[in-house]
Amino acid sequence: MKPVGQARPGFPCWVSLAAPSLQEAQAFYTAVLGWTWHPTGRGEEFRTALFGGAPVAGVGALANSLMGAVAWTPFFAVADADATAAHIRERGGTVGVGPLPFGTGRRAGLAADPDGAVFGFWTGDALPGWPAGPEEGAPVWLELRTRDAFAAALFYGEVFGWASPDGNCSVEYENDEVIVREEGRKLAVVHGGAVEQAPDPRVRPRWYVHFRVPDVTAAVAAARAAGGTVALPPDASPTGRQAILCDPDGGLFTVTAA
């Protein structure tokens with residue numbers, strides 16, 4: 001699998017999971033989401049997940065020295081990783097890792113917004129065939145649940161250039177959501193309100209990665225059978241078309257009906 005072209009600045013360009021055991025993570029996500037796997041060229045501890053032959057996500061094994069909370073992380077494309085790191089700090093965020101080389105021609109970093117939601121930024125070549133967005137059948141889309149949707153949209157808009165005169169994205173407020181679009185297609189959705197009042201300590205400001213599945217109920221059953229748990233069952237969802245699952249290592253992700 002060869003990279004093709006630069007990822008478009010401001011756009012979601014990848015999602016990744018760092019797991020304690022690559023083999024166990026592969027087994028779980030194959031059982032639940034039907035993924036197959038491809039070497040990345042970065043060693044035996046990294047794999048690209050494929051669905052229908054197209055890249056969906058990256059999974060790697062955590063180094064013993066970096067053991068921490070397991071979580072899915074979205075990455076956004078930027079033109080200049082160092083400038084982006086500076087913008088994140090200037091606007092009240094935190095840069096935790098990098099920017100560091102990430103394969104040939106790429107650099108990446110991990111950061112948190114002012115409310116603590118973790119995200120990545122990436123400069124360089126993008127993998128082919130990785131659409132993102134809740135429309136047009138994309139296999140992955142992103143949702144931020146946070147305390148103040150407007151403040152979050154302002155932070156990310158300034159960091160990634162959303163809605164700038166020379167930018168490629170628009171930011172709109174609809175039905176209590178902030179929606180980021182590119183040429184009419186949704187790329188990400190930001191929800192605000194009452195996160196800090198949730199009884200579940202895992203519910204905090206965070207980016208949720210949604211994976212499309214043909215049958216949400218079947219994905220829930222497969223997750224339980226493979227050792228995962230259900231944080232939000234389908235019948236508790238406002239639409240019943242999605243569920244929040246947790247893999248055996250604690251990585252939260254959402255399955256959404258295709």
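No hydrogens, no waters, no symmetry mates; every other heavy atom, side chains included, goes into these values.
Using a 4.5 Å heavy-atom cutoff, the side chains of Arg91 and Val159 are in contact. Residues Phe28 and Pro248 form a side-chain contact, since some pair of their non-hydrogen atoms from C-beta on lies under 4.5 Å apart. Counting only heavy atoms from C-beta outward, the side chains of Val209 and Thr254 never approach each other to under 4.5 Å. The closest side-chain heavy-atom distance from Arg147 to Pro205 is below 4.5 Å. Side-chain contact check for Arg89 versus Val95: some heavy-atom pair is nearer than 4.5 Å. Within the 4.5 Å cutoff, no side-chain heavy atoms of His38 are placed close to those of Thr36. Residues Val189 and Val178 have side chains not in contact (no heavy-atom distance under 4.5 Å, counting atoms from C-beta outward). Between Val32 and Val213, every side-chain heavy-atom pair lies at or beyond the 4.5 Å cut-off.
Between Phe160 and Phe119, the two ring planes are perpendicular [angle over 60°; tilted spans 30° to 60°].
Checked against the 6.0 Å centroid criterion, the rings of Trp122 and Phe11 do not qualify as a close aromatic pair. The six-membered or imidazole ring of Phe211 lies near that of Trp35, with a centre-to-centre distance under 6.0 Å.
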For this session: Let me see the working for Phe75 and Ser16 under side-chain contact (heavy atoms from CB on, under 4.5 Å), right down to the final yes or no.
Result: CA-CA 8 Å; Phe75 283 77; Ser16 70; 3.2 Å; yes

Problem set entry | Full working for side-chain contact (heavy atoms from CB on, under 4.5 Å) between Leu22 and Phe46 | CA-CA 7 Å; Leu22 176 60; Phe46 296 89; 5.9 Å; no

For this session: Could you please spell out the steps behind the side-chain contact (heavy atoms from CB on, under 4.5 Å) verdict for Leu50 and Val56?
Result: CA-CA 5 Å; Leu50 307 177; Val56 178; 5.8 Å; no

Exercise. What do the steps show when you test Glu158 against His87 for side-chain contact (heavy atoms from CB on, under 4.5 Å), and what is the final call?
Worked result: CA-CA 8 Å; Glu158 291 177 340; His87 291 158; over 6 Å; no

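Of the N and O atoms on the side chains of Glu143 and His191, at least one donor lies less than 3.5 Å from an acceptor on the other residue.
To the nearest 0.5 Å, the span separating OG1 on Thr94 from CG on Leu110 amounts to 12.0 Å.
A search for side chain to side chain donor-acceptor pair (under 3.5 Å) contacts involving Asp115 returns Thr146, not counting sequence neighbours. With sequence neighbours left out, the salt bridge (charged side-chain N to carboxylate O under 4.0 Å, His left out) criterion links Arg224 to no other residue.
The heavy-atom pair separating Phe51 from Gly34 by the smallest distance is CD1-O, 3.9 Å. When every heavy atom of Trp207 is checked against every heavy atom of Ala117, the shortest pair comes out as CD1-CB, 4.2 Å. Across all non-hydrogen atoms, the minimal contact from Ala112 to Ile88 is O-CG2, 4.4 Å. Annotation for Val59 and Ala25: closest pair CG1-CB, 4.0 Å, computed over non-hydrogen atoms. Nearest heavy-atom pair, Ala111 versus Phe121, reported as atom, atom and distance to 0.1 Å: CB-CE2, 4.2 Å.
Applying the side chain to side chain donor-acceptor pair (under 3.5 Å) definition to pairs two or more places apart or across chains, those involving residues 71-84 are Tyr29-Trp72, Asp82-Arg107.
Looking at Leu252, Asp113, Val118 one by one, the single match for side-chain contact (heavy atoms from CB on, under 4.5 Å) with Arg206 turns out to be Leu252.
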